[in-house]
Amino acid sequence: MLQGEFFQNPGSGAAAFYPYQIQKSCRFRRNDNDGLNRTLGSPTNNDILTLSCWMKRNLLGNYYMNIYHAHTGSNGHNIAFDNSGTDDTIGIGSSLGGDGTSLYRDTKGWTNFVMAWDTTQSSNNDRFKFFVNGVERDEYNASISQNANVVWNTSGNAFYIGRNTATGYTFDGYMTEIIGVDGQQLAPTAFGELVNGVWRPIDYAGTYGNNGFRLQFLQTGTNADASGIGADTSGNGNHFALNNITADHVVLDSPTFGS
């Protein structure tokens with residue numbers, strides 16, 4: 001069974017099964033080179049970060065597709081479906097995770113990915129944790145320096161979602177409930193729960209830290225503020241600018257939307 005395959009919407013009973021409803025998602029189109037970005041401010045702790053996202057892929061094949069990207073002004077750091085032989089594994093910045101081995105080829109079901117760093121930990125194995133639908137994947141074995149800065153949470157870096165600074169590396173599919181938590185290494189149970197063999201989303205109720213954000217795609221405007229598609233609903237006001245994303249990119253497809 002492929003990761004994510006066991007997460008399928010239970011049809012007409014979806015509204016009853018999902019106490020927390022995710023209303024909308026953002027459709028990313030590879031050929032449009034679209035995505036979102038913002039410049040990071042001073043973090044609560046740039047050694048500690050959790051990123052959670054619900055995702056459904058639309059395109060498979062030998063493509064390099066970014067999920068997250070950090071740009072320092074001279075160097076780029078990717079979290080992406082890798083095209084070194086196959087694009088169906090997820091590679092995470094070489095010094096902050098490394099290359100994975102699991103394949104993600106589900107284009108019908110939604111999958112929750114949680115990535116959590118705390119580079120202050122004494123054990124290398126605890127400095128990065130990766131979870132898929134609540135299950136930890138221990139295949140990421142890069143040597144992470146203790147107290148290394150997490151580039152996706154470092155002041156002044158450009159943080160991209162769904163693309164990077166270059167063309168041709170755009171994600172193709174759907175994303176929603178994209179949450180960043182600055183200063184905490186959280187377990188996946190902060191974002192979901194296992195019920196009857198299904199990993200379902202819950203409403204995140206924790207704090208976010210200085211650079212934290214939550215993208216729910218509830219708006220349709222194109223401004224990089226509370227009225228726009230890239231609105232941060234965490235209360236932090238860390239809104240994202242849009243790159244080739246327009247109102248038609250916001251759709252009703254979501255992890256809790258019944259088939």
**Q** Run the side chain to side chain contact (heavy atoms under 4.5 Å, CB included) check on T39 and N157 step by step: do they pass?
**A** CA-CA 6 Å; T39 299; N157 286 358; over 6 Å; no
**Q** Mind checking whether W152 and L96 have side chains closer than 4.5 Å, heavy atoms only?
**A**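 Side-chain contact under 4.5 Å: yes.
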**Q** What's the separation between atom CG in L252 and atom CZ in F217, rounded to the nearest 0.5 Å?
**A**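 One gets 14.0 Å once the value is rounded to the nearest 0.5 Å.
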**Q** Is there a donor-acceptor pair under 3.5 Å between the side chain of N244 and the backbone N or O of D32?
**A**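 Confirmed, N244 side chain pairs with D32 backbone.
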**Q** For the residue pair T233 / Q216, report whether a side-chain donor-acceptor contact shorter than 3.5 Å exists.
**A**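 A donor-acceptor contact under 3.5 Å links the two side chains.
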**Q** Determine, stepwise, if the pair N112 / S52 fulfils side-chain hydrogen bond (donor to acceptor under 3.5 Å, both in side chains).
**A** CA-CA 7 Å; N112 176 223; S52 175; 3.2 Å; yes
**Q** On the six-membered ring of Y174, is K56 placed so that its NZ or CZ lies under 6.0 angstrom from the centre and within 45° of the ring axis?
**A**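 The answer is yes, since K56 meets both limits relative to Y174.
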**Q** Is it true that a side-chain atom of T176 and a backbone atom of K24 form a donor plus acceptor pair closer than 3.5 Å?
**A**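 Yes.
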**Q** Judged by modelled atom types alone, do H69 and N78 share a side-chain donor-acceptor pair under 3.5 Å?
**A**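 Judged by distance alone, the side chains do pair up.
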**Q** Could you state whether L59 and F81 fall into the same hydrophobic cluster, counting links through intermediate Ile, Leu, Val, Met, Phe, Trp or Tyr residues with side-chain heavy atoms under 4.5 angstrom apart?
**A**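 Yes; F81 is reachable from L59 via cluster members.
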**Q** Indicate yes or no for a side-chain donor-acceptor contact from N236 to the backbone of N238 under 3.5 Å, with no hydrogens or angles considered.
**A**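 No; judged by distance alone, with no hydrogens or angles, the pair does not exist.
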**Q** What distance do H77 atom NE2 and I92 atom CD1 have between them, rounded to the nearest 0.5 Å?
**A**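 Separation between the atoms: 14.5 Å.
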**Q** With heavy-atom distances below 4.5 Å as the criterion, would you say the side chains of L103 and T89 are in contact?
**A**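 Heavy-atom side-chain distance check passes, below 4.5 Å.
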**Q** Look up atom CG in N46 and atom CG in N149, then write down how far apart they are to the nearest 0.5 Å.
**A**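 So the gap between those two atoms works out to 4.0 Å.
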**Q** Just so I know, are the side chains of V195 and F17 near enough to count as touching, which here means a heavy-atom distance under 4.5 Å?
**A**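 Sidechains of F17 and V195: in contact.
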**Q** Can you find a heavy atom in the side chain of M115 that is under 4.5 Å from one in the side chain of T50?
**A**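 No, side chains not in contact.
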**Q** Does the side chain to side chain contact (heavy atoms under 4.5 Å, CB included) test come out yes or no for Y18 and V198, once each step is laid out?
**A** CA-CA 11 Å; Y18 297 107; V198 175; 4.3 Å; yes
**Q** With distance as the sole criterion, is a donor-acceptor pair present between the side chains of H71 and N164 under 3.5 Å?
**A**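 Side-chain D/A pair, H71 to N164: absent.
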**Q** With a 6.0 Å cut-off (strictly less than), is the heavy-atom count around CG of D138, excluding the residue itself, greater than 12?
**A**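 Result for CG/D138: open.
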**Q** Under 4.5 Å between side-chain heavy atoms, hopping through other hydrophobics if needed: is there a path connecting I90 to F159?
**A**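 Cluster IDs for I90 and F159 match.
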**Q** Is the closest side-chain heavy-atom distance between T256 and P201 below 4.5 Å?
**A**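 Yes, at least one pair of side-chain atoms sits under 4.5 Å.
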**Q** Counting distance only, does the side-chain N/O of R200 pair as donor-acceptor with the main-chain N or O of E193 below 3.5 Å?
**A**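 Checking the backbone N and O of E193 against the side chain of R200, no donor-acceptor pair under 3.5 Å is found.
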**Q** Test: salt bridge (charged side-chain N to carboxylate O under 4.0 Å, His left out). Region: residues 228-249. Which pairs qualify, not counting sequence neighbours?
**A**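 Listed once each, the pairs are R29-D248.
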**Q** Please confirm whether the backbone N or O of T207 pairs with a side-chain atom of Y204, one donor and one acceptor, at under 3.5 Å?
**A**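 Looks like yes, one N/O pair under 3.5 Å.
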**Q** Once salt bridge (charged side-chain N to carboxylate O under 4.0 Å, His left out) is applied, what residue pairs with a partner in residues 168-181 remain, sequence neighbours excluded?
**A**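 The answer is R27-D172, E177-R214.
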**Q** Would you give the length of the straight line joining atom CD1 of I178 to atom SG of C53, rounded to the nearest 0.5 angstrom?
**A**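 The CD1 atom of I178 sits 4.5 Å away from the SG atom of C53.
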**Q** How about R38 and N211: do any of their side-chain heavy atoms sit closer than 4.5 Å?
**A**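 Sidechains of N211 and R38: in contact.
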**Q** Can we say D88 and R57 salt-bridge, meaning some charged N sits less than 4.0 Å from an Asp/Glu carboxylate O?
**A**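 Answer for the salt bridge query: yes.
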**Q** With heavy-atom distances below 4.5 Å as the criterion, would you say the side chains of I67 and M175 are in contact?
**A**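 Side-chain contact under 4.5 Å: yes.
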**Q** Is it true that the side chains of E139 and S102 contain a donor and an acceptor less than 3.5 Å apart?
**A**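 Note: E139 and S102 side chains meet the donor-acceptor criterion.
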**Q** Can F128 and W117 be said to form a ring-ring contact (aromatic ring centres under 6.0 Å, His included), step by step?
**A** CA-CA 4 Å; F128 174 68; W117 293 264; 5.0 Å; yes
**Q** Can you confirm whether the side chains of D253 and W110 place a donor and an acceptor under 3.5 Å from each other?
**A**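 The answer is yes; a qualifying pair exists.
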**Q** Can you tell me how far the CD1 atom of I79 sits from the CE atom of M65, to the nearest 0.5 Å?
**A**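 Rounded to the nearest 0.5 Å, the CD1-CE separation comes out at 15.0 Å.
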**Q** Would a hydrophobic clustering, with Ile, Leu, Val, Met, Phe, Trp and Tyr connected at side-chain separations under 4.5 Å, put L36 with L40?
**A**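 Result: yes, single cluster for both.
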**Q** Within a strict 4.5 Å, meaning less than it, do heavy atoms of the D118 and K129 side chains meet?
**A**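 Heavy-atom side-chain distance check fails, nothing below 4.5 Å.
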**Q** Ignoring hydrogens and angles, tell me if any N or O in the side chain of S123 forms a donor-acceptor pair with the backbone of N125 under 3.5 Å.
**A**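 Confirmed, S123 side chain pairs with N125 backbone.
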**Q** Are V181 and F213 connected, step by step, through hydrophobic side chains (Ile, Leu, Val, Met, Phe, Trp, Tyr) whose heavy atoms are closer than 4.5 Å?
**A**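 Unlinked, V181 and F213 end up in two clusters.
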**Q** Roughly how far apart are W199 CH2 and F131 CZ, rounded to 0.5 Å?
**A**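 One finds 9.0 Å between CH2 of W199 and CZ of F131.
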**Q** Just wondering, are more than 12 heavy atoms of other shown residues or ligands nearer than 6.0 Å to CD in Q146?
**A**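 For Q146, atom CD is crowded (more than 12 foreign heavy atoms under 6.0 Å).
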**Q** Transitively linked via ILVMFWY side-chain contacts under 4.5 Å: L51 with Y140?
**A**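 Yes, same cluster.
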**Q** Can you name the side chain to side chain contact (heavy atoms under 4.5 Å, CB included) partners of S145, sequence neighbours left out?
**A**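 Partners of S145 under the side chain to side chain contact (heavy atoms under 4.5 Å, CB included) test: A148.
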**Q** May I ask you to decide if the ring planes of F130 and F113 are parallel, tilted or perpendicular, using 30° and 60° as cut-offs?
**A**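 F130 and F113: tilted rings.
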**Q** Stepwise, does the side chain to side chain contact (heavy atoms under 4.5 Å, CB included) test hold for D99 with D82?
**A** CA-CA 8 Å; D99 293 326; D82 202 346; 3.8 Å; yes
**Q** State, without any angle test, whether D182 and N153 hold a side-chain donor-acceptor pair at a distance under 3.5 Å.
**A**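 A donor-acceptor contact under 3.5 Å links the two side chains.
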**Q** Passes side chain to side chain contact (heavy atoms under 4.5 Å, CB included), Q219 versus V250? Steps please.
**A** CA-CA 8 Å; Q219 309 294 340; V250 177; over 6 Å; no
**Q** Do T170 and N66 get their side chains close enough for a donor-acceptor pair, meaning under 3.5 Å?
**A**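 Absent: no donor and acceptor within the cut-off.
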**Q** Taking D225's backbone N and O only, do any of them form a donor-acceptor pair with N223's side chain (distance below 3.5 Å, no angle check)?
**A**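 No, because the side chain of N223 does not come within donor-acceptor range (under 3.5 Å) of the backbone of D225.
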**Q** Looking at every heavy atom in both A142 and G98, which two are closest together, and how far apart are they?
**A**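 Smallest interatomic distance, heavy atoms only, reads CB-N, 3.8 Å.
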**Q** With ring pair (Phe, Tyr, Trp, His ring centres under 6.0 Å) as the test, pick out the partner of Y169 among F28, Y68, Y64.
**A**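 So the option named by the test is Y64.
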**Q** Going by atom types alone, do N37 and N243 pair a side-chain donor with an acceptor below 3.5 Å?
**A**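 Checked: N37/N243 side chains pair up, N/O donor to acceptor below 3.5 Å.
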